[in-house]
> 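Encoded as structure tokens, here's the structure I'll be asking about.
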Amino acid sequence: LLDVSWFSESMQAGRPVEIEPRHCLTVTVSVEKPQDTWLVAAYACQRRSPLPNNNQLLTDALETLAEEAHFCGHEGRSLAFSRASSVLKALPRTVRRVQELDSLPCLGEHSKRVIQEVLEDGTSAEVETIRQSEKYQAMKLFTKIFGVGVKTAHQWYQEGRRTLDDLRGHPAQLSKEQQAGLIHYEDLNTPVKRADAEAIGQVVREAVNKCLPGASVTLTGGFRRGKPSGHDVDLLITHPVEGQEAGLLKKVIACLDQQGFLLYHSIHRNTFESLEDSDQEPSSHASSMDQYERCFSIFCLGDLPGDAQEGAGAEKPSRVRRTSGASRFWKAVRVDLVVTPYSQFPFALLGWTGSRIFERDLRRFAKREKKMLLNSHTLYHLEQSRVYRFPQGIERMRRK
Ligand code: DCT
Ligand code: MG
């Protein structure tokens, strides 16, 4: 509040008005939220991973840059932008000024520049140029096809292909997986809701228990992190008696196929050595791909015809049903089925829960800070040359 008496005297005397602190009667200081809210750990596995994203506009921009770098084969650059985005996702409120980010890890100059642009103008010219570019649009379109990676997408782009119709014209050049991906393109790029994922989990659980009573099916991936929707359904299968799971996947797939639930499937056998045979140091390469037996599949998920008319906004779980119905009350959904021996299940569960950056940082944290190698099969102490085992037969012990 200004001392108004002084102010009006000066004005009347025609003196220039210069306001100084001594003319102030009271001073109001507005204090920003304390800095400690911005203390964010450098490893994703050490920071909070809230589901609500308070900085969607910023993280979308950074993820476009990450995606573009990935399309160009610049994995280090792509990872840097993904890490910057992951840090912003951990913040408890919306960023207003770029200076607020000074104390945060993983934010390079380039990321900060883009963030500043978005904060000031609502968009970043660089990001918009990428989004409009022919190459980015074609690469995005192609890599969203099931079974198509960056290499194939890039090759098609180089050959001058730009649209899905350009691919449909040459089906013989596509793998079986890619053909299925193209047929169900729209469905597979429509988010899967939690209720649908749980319905599919239940159908698989019934088939698994028919083939091997006592086996368990666990919904993992983004749904296990609490996400309300995802791009696929990730299911882990195991049995408390180690070894019983061998040969199970084939039987389960045959059972599901017989019931008409599968639009596509391909089984890949496991490539790991049994833990019994190997007390050696596990491979330390950064790939997140594990070596379990798995089936990449496309399920047919459908509401019963009556459900469409009921509606009235009420969301009800869809049911998985046969493809043979005359009406189009069904949707194709990507489902990954992964079979793990019981002793490796905890590591598989941890590895398949995600997110991608969380898992990457967890492995980095284990190696750098704890001198341990972690992957989706095991945990190994590098200095003690020791494998950490999950106690076998724990279920039997519990029952006793
Ligand atoms: N994963 C990983 N590294 C990768 C890819 C996947 O560690 N490069 C792990 C973490 C998540 C899990 O596998 C399942 O993968 P996705 O289904 O691709 O991820 P998601 O988090 O389940 O995403 P969405 O909800 O979209 O399916
Ligand atoms: Mg998933």
Side-chain angles (χ1 to χ4, degrees), residues 43-45 49-53 56 59-60 63 66-67 69-71 73 75-76 78-83 85-86 89 140 143-151 177 181 184 187-201 204 217-237 268 282-299 301 331-340 344-367 373-379:
Y43 290 106
C45 57
S49 311
L51 279 181
N53 179 357
Q56 188 83 47
T59 57
D60 283 353
E63 277 164 23
E67 199 171 29
H70 175 57
F71 290 161
E75 293 312 322
S78 174
L79 189 58
F81 288 125
S82 298
R83 285 220 165 97
S85 166
S86 165
K89 284 180 185 168
K140 196 156 170 87
T143 51
K144 275 164 46 182
I145 303 171
F146 171 51
V148 177
V150 167
K151 223 170 122 189
E177 203 175 36
H184 302 294
D187 277 0
L188 299 187
N189 285 293
T190 308
V192 184
K193 290 184 188 138
R194 170 175 290 278
D196 291 342
E198 276 166 4
I200 290 175
V204 173
V217 175
T218 308
L219 179 60
T220 174
F223 290 112
R224 185 157 187 264
R225 304 199 301 277
K227 279 173 61 178
S229 63
H231 93 282
D232 67 356
V233 181
D234 306 296
L235 296 169
L236 286 187
I237 302 169
H268 302 258
S283 147
S284 66
H285 67 95
S287 159
S288 60
M289 199 66 180
D290 58 53
Q291 295 161 298
Y292 292 116
E293 184 182 23
R294 72 192 56 212
C295 179
F296 298 124
S297 71
I298 301 177
F299 264 62
L301 171 83
K331 172 184 183 296
V333 176
R334 272 276 298 115
V335 180
D336 283 343
L337 303 174
V338 179
V339 177
T340 82
Q344 299 178 41
F345 178 73
F347 303 108
L349 184 60
L350 180 60
W352 274 82
T353 299
S355 65
R356 191 175 63 90
I357 291 289
F358 181 97
E359 298 296 337
R360 219 184 157 103
D361 276 7
L362 190 60
R363 292 191 287 268
R364 223 160 48 98
F365 176 80
K367 191 164 182 186
L373 282 184
L374 173 70
N375 59 29
S376 288
H377 294 271
T378 188
L379 181 65

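Atom set for the values below is all heavy atoms of this structure, side chains included, hydrogens, waters and symmetry mates excluded. Note that ligands are numbered from 1 as they come in the structure, with each ligand's atoms numbered from 1 the same way. In this text, all values refer to a predicted model and were calculated from it rather than measured experimentally.
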> Within a distance under 4.0 Å of any heavy atom of Gly221, pick out the atoms of ligand 1 and give their elements.
22 (O)

> Is it true that Asp196 and Lys193 have a side-chain N and a carboxylate O under 4.0 angstrom from each other?
no

> For atom 13 (O) of ligand 1, which of Gly351, Ser376, Ser355 has the closest heavy atom?
Gly351

> Would you say the side chains of Glu293 and His268 form a donor-acceptor pair under 3.5 Å?
no

> Can you find an N/O atom of Arg363 closer than 3.5 Å to an N/O atom of ligand 1?
no

> Testing Trp352, Tyr292, Phe347 for ring pair (Phe, Tyr, Trp, His ring centres under 6.0 Å) with His377, which one passes?
Tyr292

> How does Asp234 reach ligand 1, if at all, at less than 4.0 Å between non-hydrogen atoms: by side chain, backbone, both, or neither?
side chain

> Rounded to the nearest 0.5 Å, what separation is found between the CG atom of Leu350 and the CG atom of Leu362?
5.5 Å

> Consider only side-chain N and O atoms of Asn53 and Thr59, and report whether a donor and an acceptor are under 3.5 Å apart.
yes

> Have a look at Asp232 and say which of its N, O or S atoms is nearest the Mg ion (ligand 2).
OD1

> Short list, please: which atoms of ligand 1 are under 4.0 Å from a heavy atom of Arg225?
21 (O)

> Could you see which bit of Arg360 sits under 4.0 Å from ligand 1, with heavy atoms only: side chain, backbone, both or neither?
neither

> Would you name the N/O/S atom of Asp234 that lies closest to the Mg ion (ligand 2)?
OD2

> Going by the order shown, which atoms of ligand 1 are within less than 4.0 Å of some heavy atom of Lys227?
23 (O), 24 (P), 25 (O), 26 (O)

> Could you tell me which atoms of ligand 1, counted from 1 in the order shown, lie closer than 4.0 angstrom to a heavy atom of Arg356?
3 (N), 4 (C), 8 (N)

> Counting from 1, what ligand 1 atoms have a heavy atom of Gly354 closer than 4.0 Å?
10 (C), 11 (C)

> Which ligand 1 atoms are under 4.0 Å away from a heavy-atom of Glu359?
7 (O)

> Please determine if Arg364 and Glu359 form a salt bridge, counting it only when a charged side-chain N lies under 4.0 Å from a carboxylate O.
no

> How many angstroms lie between CD1 in Ile298 and NE2 in His184, if you round to the nearest 0.5 Å?
5.0 Å

> Measuring from Leu373:CG to Leu379:CG, what's the distance to the nearest 0.5 Å?
8.5 Å

> Could you tell me whether Arg363 and Asp361 make a salt bridge, using a distance below 4.0 angstrom between a side-chain N and a carboxylate O?
no

> With atoms numbered from 1 as shown, which atoms in ligand 1 lie under 4.0 angstrom from a non-hydrogen atom of Gly222?
20 (P), 21 (O), 22 (O), 25 (O)

